[in-house]
Amino acid sequence: MRLTRYFLPLLKENPAEAQIVSHRFMLRAGMIKQQAAGIYSWLPLGWRVLRRIEQIVHEEQQRAGHIPLLMPTLQPADLWRESGRYDDYGQEMLRIRDRQDREMLYGPTNEEMITDIFRAHVSSYKDLPLTLYHIQWKFRDEMRPRFGVMRGREFLMKDGYNFDIDRDAALHAYNRHMVSYLRTYERMGLTAIPMRAASGPIGGDNTHEFLVLAQTGESEVFYDDRVTQLKLGAREIDYDDRTQVAKVCEEFTTLYARTDETHDPALFEQVPEAHRRVGRGIEVGQIFYFGTKYSEPMGALVTNAEGQRVPVHMGSHGIGVSRLVGAIIEASHDEKGIVWPEGVTPFHAAIVNLRQGDAASDAACETIYAGLRARGLDPLYDDRDARAGEKFAAMDLIGLPWRITVGPRGLAAGKVELTSRRSGETEELSPEAAIDRLAQIYAGR
RNA sequence: CGGGGCGUAGCGCAGUCUGGUAGCGCAUCUGCUUUGGGAGCAGAGGGCCGGGAGUUCGAAUCUCUCCGCCCCGACCA
């Protein structure tokens with residue numbers, strides 16, 4: 001993309017309403033525009049990041065064997081009366097009437113609807129296990145939205161629902177989700193720690209939240225700092241292998257890690273003092289096993305091998321897709337702006353032409369631009385007729401992980417510069433070598 | 001929902017107390033000069049001062065009333 005043909009409305013000054021880093025940078029980098037309290041337009045740059053996160057979530061869900069579909073944002077109230085949650089949910093649920101005066105709601109979650117789909121079409125244990133998920137906009141009418149997309153009212157969320165014949169099978173689904181989530185967050189460059197959590201309005205007795213450590217987090221967290229060293233890495237996971245999946249979960253959930261809701265000071269005391277940490281975290285996902293809480297009242301029954309009709313065992317699992325955009329920024333930025341991890345960056349690299357209009361500089365930039373695209377990369381070429389400082393500041397703000405700087409000075413020696421946004425380190429290379437290096441960096445991503 | 005604050009140009013703000021017909025910086029546009037970390041000079045455009053109703057000869061400014069937004073708290077992915 002050429003910057004002169006793009007839409008990237010940068011702000012030099014901090015908008016007054018933004019209090020935390022991610023909100024400030026998202027506004028300044030032209031990623032979002034607020035349209036009402038807790039409701040945002042996603043401008044092109046923000047939209048790109050959102051899409052990349054969404055894509056990673058899709059890939060990892062499908063790798064785990066989960067099946068995508070799409071349910072609507074608006075739901076009939078009657079469905080929620082069946083589970084009893086129409087009254088339980090309270091003012092946080094946005095209620096709407098259509099022109100026929102039918103009661104509707106803008107979905108805050110989809111347990112009822114997915115159960116309705118399930119009961120209409122599945123009646124035998126032979127169709128299990130089944131996990132369906134979607135990525136859809138949700139609405140929760142928070143009393144006080146804040147922190148930009150971190151706590152908006154409208155938000156994009158992946159929510160998935162597993163259906164299993166019994167508790168053991170459903171607990172495997174729970175574990176499978178935990179592992180797939182760990183891999184999802186790692187691909188985004190995040191360390192998200194699974195912590196034993198309280199269940200809230202979803203219900204259920206088994207639940208973990210995934211927390212990204214950040215000072216601006218909404219939850220106080222207590223943990224053994226050795227959990228932050230755990231990595232899934234490149235290991236092969238067979239998501240159907242109950243033993244292997246359970247082992248991975250054990251590995252990640254044995255060390256002490258809890259939010260204030262479930263914190264147990266006596267247990268925490270047993271963590272060696274040198275490893276004991278208290279901090280704050282941003283919740284970026286949660287998984288639940290809740291058994292037959294919805295299937296029983298809503299009549300989601302299957303016939304088991306013994307010929308009996310039994311309520312299906314369920315769990316649900318969510319990843320806050322739009323919230324992750326903010327969380328990643330909270331976890332990865334400096335005073336100049338955002339520092340995108342390679343996995344979610346809106347563009348793979350910036351090309352900064354220091355002397356727009358200079359024949360040699362223009363030609364070198366065009367070569368690099370075409371070369372990167374030929375390698376399947378998506379560069380942002382700053383082809384504005386602007387000064388060096390302005391271009392550097394803009395690219396630092398929007399946080400692309402790599403920058404190729406092209407100017408007459410370097411070109412006299414046949415070199416351009418490749419700079420890491422994260423470390424600031426610069427390497428002088430020929431244009432061809434710079435293209436190769438970036439292709440290597442992104443190989444397999 | 002309790003407490004506090006704010007709404008004036010695209011963004012950040014002054015002007016409001018003490019009424020006299022709107023200003024600064026950045027951004028934008030034009031020209032010239034500059035050109036490796038947010039340039040300089042000269043000029044230009046852009047506002048029903050959140051909406052409505054009052055008071056007044058006269059309202060951004062005073063009064064009433066809506067609306068919107070932000071912060072702290074309680075709540076929440």
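Because the structure is predicted, anything quoted here is derived from the model rather than measured. Just so we're on the same page: letters track the sequence lines, and every chain starts at 1.
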*Pairwise C1' distance for U18(B) and C26(B), with rounding to whole Å*: 31 Å
*For G68(B), which nucleotide is its Watson-Crick or G-U wobble mate, given both distances must be under 3.5 Å?*
C6(B)
*Distance from Arg52(A) atom CZ to Ile328(A) atom CD1, nearest 0.5 Å?*
10.5 Å
*Take atom P in A59(B) and the same atom in C17(B), then report the distance between them in whole Å.*
14 Å
*Could you state the atom-to-atom distance from CD of Glu335(A) to P of G38(B) in whole Å?*
15 Å
_From CZ of Phe392(A) over to P of G36(B), roughly how many Å is that when rounded to an integer?_
9 Å
*Distance between the P atoms of G50(B) and G7(B), in whole angstroms?*
8 Å
_Rounded to whole Å, how long is the line connecting atom CD of Glu218(A) with atom P of C75(B)?_
13 Å
*What does U18(B) pair with, Watson-Crick or G-U, if both distances are under 3.5 Å?*
none
_Separation of the P atoms in C1(B) and A14(B), to the nearest angstrom_ = 30 Å
*Does a side-chain N-to-carboxylate-O contact under 4.0 Å join Arg387(A) and Glu390(A)?*
no
*Answer yes when Arg2(A) and Asp382(A) have at least one side-chain N-carboxylate O distance shorter than 4.0 Å, and no when they do not.*
no
*Once you apply the 3.5 Å cut-off to both distances, tell me the Watson-Crick or G-U wobble partner of G36(B), or none.*
none
*Would you indicate what Gln19(A) reaches in the nucleic acid, counting non-hydrogen atoms under 4.0 angstrom: base, sugar-phosphate, or nothing?*
sugar-phosphate
*Looking across every strand, which nucleic acid part, if any, lies under 4.0 Å from Gly318(A) by heavy atom: base, sugar-phosphate, or nothing?*
nothing
*Can you tell if the side chain of Arg421(A) reaches within under 4.5 Å of the side chain of Lys336(A), non-hydrogen atoms only?*
yes
*Write down the distance between CZ (Arg384(A)) and P (C29(B)), rounded to a whole number of angstrom.*
12 Å
*If you pin Ala16(A) and Arg355(A) to their nearest nucleotides in RNA chain B, which one's is more 5'?*
Ala16(A)
*asked:* Could you tell me the Watson-Crick or G-U partner of G25(B), where both distances fall under 3.5 Å? Say none if there is no partner.
replied: C11(B)
*Should we count CZ of Arg196(A) as having more than 12 external heavy atoms under 6.0 Å?*
no
*For Gly285(A), which contact category applies under a 4.0 Å heavy-atom criterion: base, sugar-phosphate, or nothing?*
nothing
*Could you check how far CG of Leu354(A) sits from C1' of U34(B), rounded to whole Å?*
15 Å
*Take atom C1' in U8(B) and the same atom in C69(B), then report the distance between them in whole Å.*
15 Å
*Which nucleotide, in any strand shown, forms a Watson-Crick or G-U wobble pair with G31(B), with both distances under 3.5 Å?*
C41(B)
_Here's a test of your reading of the structure: between Asn14(A) and Met157(A), which maps to the more 5' nucleotide of RNA chain B?_
Asn14(A)
*Give one of base, sugar-phosphate or nothing for Gly152(A), where a contact means two heavy atoms less than 4.0 Å apart.*
base
_P-based separation of U30(B) from G38(B) [nearest Å]_ = 23 Å
*Using the C1' atoms only, state how far U21(B) lies from C66(B), rounded to an integer number of Å.*
26 Å
*Does C75(B) pair with anything, Watson-Crick or G-U wobble, both distances under 3.5 Å, and if so, with which nucleotide?*
none
*asked:* Taking pairing as Watson-Crick or G-U wobble with both contacts under 3.5 Å, can you name the mate of A59(B), or confirm there isn't one?
replied: none
*Close aromatic pair by centroid cut-off 6.0 Å: His317(A) and His66(A)*: no
*asked:* Can you check the distance between C62(B) and A44(B), where both ends of the measurement are the C1' atom (answer in whole Å)?
replied: 37 Å
